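Below is one structure, written out as structure tokens, with a few remarks after it.
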Protein chains: 2
Amino acid sequence: MNIGTAATQTGLPVKTIRYYEEIGLVTPDRRANGYRDFSDTCVEQLRLLAQARHLGFSLEECRRLLALSADEGRASRDVRALAQQNLEAVREKIASLTALETQLEGLIAQCHGDDDPDCAILDDLMGLRGN
Amino acid sequence: MNIGTAATQTGLPVKTIRYYEEIGLVTPDRRANGYRDFSDTCVEQLRLLAQARHLGFSLEECRRLLALSADEGRASRDVRALAQQNLEAVREKIASLTALETQLEGLIAQCHGDDDPDCAILDDLMGLRGN
DNA sequence: CTTGACCCTCCAGCGGCTGGAGGCCCTATC
DNA sequence: GATAGGGCCTCCAGCCGCTGGAGGGTCAAG
């Protein structure tokens, strides 16, 4: 299967697939004319990559997921641990973004938002109010 | 004031300050020996940068904030609009991360997490369950 | 006069792609 | 058999926001 077909089947851009090969996540065969030839297995790996990236796994985590998926003797515990780790990272990001949201809301509430140059947001950013 | 002092006063790393100069966010003077010389105004701008970055503004947004802070004839409306825009971006990020959190929780709940190689997470990632 | 902390510039790399240049290959049509 | 259009190839550069390191100059203290 050509890279274009693999792309439509997985939803990944062609460029991204080539990049994944470059960093050793997938290793498609090559035809005589130099074209990549994607086996069904390879496309499955790409699908795993697409899905896992979608779920916020880093490419290094994806690499481990791929290794686990290829290892018939794996323990599901290990996969779960990876997912748990990712979940915790996601939760941390949510927490810090939520803190940020609150701060921004506070600032915005204090700013008149009119023609006047006097602005509580700028005052805060320049440290004129207690920080 | 030397860059090191500016760094401790603003909490920004020296490298970052040099980078901010490189992209034209600040323009410290230069001494005869080539050392950067930071005025109080310049340090204030760095503080604004530090604080705004901390609040999730992009460097381009920071550039606009700096322009507004330097413009005595500004309208606070414009500052507020920038902050509002940033707030909305933050909220969008939170929303997508929360969706992700839910999905991950669901997957993790389905995985036994034992010695068995059979794993609902991998099954899902490879599209074996209705994705 | 030497040590060590500071400062300088320039180049390279992180993650995860993305765009573009410049060129080969393949199929279809005339 | 020529040509047009698409798809494929490689390689290089750039996005954001820094960060690290090499290789050097400068300055104050002992």
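We name chains A, B, ... by the order of the sequence lines, and we start the count at 1 in each one. Here the structure is a predicted model, which is why all the values come from computation and not from measurement. All values below were derived from every heavy atom in this structure, side-chain atoms included, with hydrogens, water molecules and symmetry-related copies excluded.
Between the CZ atom of R18(B) and the P atom of dC7(C) there is a distance of 8 Å, rounded to whole Å. Here dG17(D) presents its P atom at 13 Å from CZ of F57(B), a figure rounded to the nearest Å. What separates CG of L55(A) from C1' of dG16(C) is a distance of 17 Å, to the nearest Å. Remark: C1' of dC27(D) and CE of M1(B) are 19 Å apart, rounded to the nearest angstrom. Taking atom CG of N2(A) as the reference point, atom P of dG6(D) lies 17 Å away to the nearest angstrom. Summarising the geometry, the separation between CD1 on I17(B) and C1' on dT19(D) is reported as 14 Å, rounded to the nearest angstrom. Rounded to whole Å, the distance from CD1 on I3(A) to P on dC17(C) is 14 Å. Going from atom OH of Y19(B) over to atom P of dA12(C) covers 17 Å, rounded to whole Å.
Shown here is D40(A), whose CG atom has no more than 12 heavy atoms of other residues, nucleotides or ligands within 6.0 Å.
A donor-acceptor pair under 3.5 Å is absent between the side-chain atoms of T10(B) and the main chain of R47(B), judged by distance alone.
Judged by distance alone with a 3.5 Å cut-off, a donor-acceptor contact links the side chain of K15(B) to the base of dG21(D).
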Exercise for the section: Show your working on side chain to side chain contact (heavy atoms under 4.5 Å, CB included) between R80(A) and I108(B) and close with a plain yes or no. Expected result: CA-CA 6 Å; R80(A) 207 183 131 116; I108(B) 289 169; 4.0 Å; yes
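Phosphate proximity of dT18(C) to T16(A): present, with a side-chain N or O under 4.0 Å from OP1 or OP2. Contact annotation: S58(A) side-chain N/O to dG15(C) OP1/OP2 distance is not under 4.0 Å.
A salt bridge is absent between R64(B) and E61(B); no separation between the charged side-chain nitrogens and carboxylate oxygens falls under 4.0 Å.
Minimum atom distance to the side chain of Y20(B) is reached by dC18(D), of the listed dC18(D), dC8(D), dC17(C).
Of all the residues in residues 22-40 of chain A, R30(A), G34(A), Y35(A), R36(A) reach under 4.0 Å from DNA chain D with at least one non-hydrogen atom.
Interatomic distance, L87(B) CG to E101(A) CD, rounded to the nearest 0.5 Å: 6.0 Å. The CG atom of L46(A) sits 6.0 Å away from the CG atom of L12(A) when rounded to the nearest 0.5 Å.
Between L125(B) and V79(A), every side-chain heavy-atom pair lies at or beyond the 4.5 Å cut-off.
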